[in-house]
Amino acid sequence: MDSLPKRDANYVPLSPITFLHRAASVYADRTSVVYGATSFTWRQTHHRCLRLAAALQSLAVSKNDVVSNSIPDYYSRNRTRSEILRSRR
């Protein structure tokens with residue numbers, strides 16, 4: 001398989017944004033995150049990312065703006081990174 005040339009049928013590079021969109025469409029009802037007693041599906045994670053991205057856009061956050069946050073847990077930090085990336089589009 002490593003010797004196959006890269007084509008649309010066998011290779012698609014994924015950014016954090018395209019990965020999130022694909023995971024939400026292909027694995028919508030599968031678990032994406034488990035953090036203690038809290039768990040989310042890929043659909044829920046995608047929806048939450050879209051909501052934060054929309055909120056950032058409503059605040060006129062745009063490409064090359066600096067966004068800072070103070071988040072104590074891994075899940076929220078990871079989700080926020082994806083949401084900020086999505087808002088830059």
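Residue numbers start at 1 and run along the sequence shown. These numbers come from a predicted model, not from an experiment.
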Review point. Would you say Ser58's side chain and Ala55's backbone share a donor-acceptor pair under 3.5 angstrom?
Key: yes
Point to revise | Shortest non-hydrogen contact between Thr31 and Trp42, atoms and distance | key: O-NE1, 3.8 Å
Exercise for review: Please name the pair of heavy atoms, one in Asp29 and one in Thr41, separated by the smallest distance, quoted to 0.1 Å.
Suggested key: O-CG2, 3.8 Å
Exercise for review: Drop me the distance from Arg48's CZ to Leu50's CG, to the nearest 0.5 angstrom.
Suggested key: 12.0 Å
Practice item. Following the transitive rule for hydrophobic clusters with a side-chain heavy-atom cut-off under 4.5 Å over Ile, Leu, Val, Met, Phe, Trp and Tyr, establish whether Phe19 and Val26 coincide in one cluster. Key: yes
Point to revise | Distance, nearest 0.5 Å, that separates NE2 of His46 from OG of Ser25 | key: 8.0 Å
Exercise for review: For Ser15, enumerate each residue passing the side chain to side chain donor-acceptor pair (under 3.5 Å) test, keeping only those at least two apart in sequence or located in another chain.
Suggested key: Thr18
**Study point:** Nearest heavy atoms of Thr45 and Ser32, plus distance in Å
**Key:** OG1-OG, 2.6 Å
Exercise for review: Check ring-ring contact (aromatic ring centres under 6.0 Å, His included) between Tyr27 and all other residues, then give those that pass, not counting sequence neighbours.
Suggested key: none
Review point. Of the non-hydrogen atoms in Cys49 and Leu20, which two are nearest, and what is the gap between them?
Key: SG-CD2, 3.5 Å
Revision key, fill the gap. What one should report as the nearest heavy-atom pair of Ser39 and Gln44 is O-OE1, 4.2 Å
